[in-house]
Amino acid sequence: MAKEEYAIGLDLGGTKILAGLVDRTGRLIARKQLPTYAEEGEKAVIERVLSATHDVLSTSGINSEEVCGVGIASAGVINSDSGEVIFASNLGWRNVPIGTLIGQKFGLPARLFNDANAAAVAEWLWGAGVGTRNMIYVTVSTGVGAGIVSDGRLVSGRDGSAGEFGHISIDWNGPPCRCGNRGCLENYASGTAIENAARQKLASTKKSGTNRILVEKGELSAKEISEAALAGDPFFAQIVKQAGFYLGIGAANLIYMFNPEVIVFGGGVMNASGLMLPEIEKSMRDRSISGLANEVRVVTSQIGVEAGVMGAAGGVFESNF
Ligand SMILES: [Zn+2]
């Protein structure tokens, strides 16, 4: 095989670090997962990132001369040019030059991506966005984010932070958001929002039973709420559908801004896609000019938990990214 047919992808998450060696066709050749243990501090986490990177190289048997670079996907605020994680609350990091550290250690160019942007690249190259030039990937998990591919290029913005879809305001007078704005989409449509909505709704009804007790104790996660909804609980189904309704309002805004061919929805909360996608489509189409909305496909993601790793590696292959 010719030189530089591989790239390393790293996904820095609050609970796990995932490293993978990926080839140009999107095959994951080797992977290594380590717990993050962010509470042990920045140095310890960086050591584990380096160790996971080293492991995928050594277990794959691929010579580092055949690797064209390392892509790193991180949540939070990043600077893709300097390779710095400026602020990531899930890692407890401020101004960590992780790109430079990895680049120096392995003698390879390293690039940093916002995690939603990395997942968008993976879906565009090898998943639900294959064959399109205009695709938007929306992740719905603890928060809401997006990665935008427009005219075949990732829209990364000035420093790699474009696509903060969760913080577009859908109600100017809505509740304050952690970002400083009011009425942000993720306050209505994220996993956290679903948990809050369940708590508020139960507080104002007489519904009893195990679910009520769990919700009141804060022990019913969005995942369990959507599982209950999928299993046929109408009380929880209504909450999950409501989140879909709000995501559709956001999606209408995306249509006006980017004229996409497809909008891909992924992230943990979309395990209830059977309930959410029809709601998303309905409110999206109700709120956008039919000529623009009719041809837009709304689908679920095809690449699962490895999307961050795959996309970070894919971003290294593609000069457009
Ligand atoms: Zn916000």
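Both ligands and their constituent atoms are indexed starting at 1 by order of listing.
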Review point. Excluding sequence neighbours, so at least two apart, what forms side-chain contact (heavy atoms from CB on, under 4.5 Å) with Ser150?
Key: Asn134, Ile148, Val155
Check your understanding: Does anything in residues 77-93 pair up under side-chain hydrogen bond (donor to acceptor under 3.5 Å, both in side chains), and if so which pairs, sequence neighbours excluded?
Key -> Ser82-Glu84
Check your understanding: How about Glu195 and Thr192: does a side-chain donor come under 3.5 Å of a side-chain acceptor?
Key -> no
Study note, to complete from the structure: Sequence neighbours excluded, the answer for ring pair (Phe, Tyr, Trp, His ring centres under 6.0 Å) partners of Tyr246 is Tyr188
**Study point:** Gly315 backbone acceptor or donor facing Arg111 side chain under 3.5 Å
**Key:** yes
Check your understanding: Out of curiosity, Ser290 OG to Asn294 CG, how far, rounded to the nearest 0.5 Å?
Key -> 5.0 Å
Practice item. Would you mind counting protein N, O or S atoms that sit less than 2.8 Å from the Zn ion (ligand 1)? Key: 4
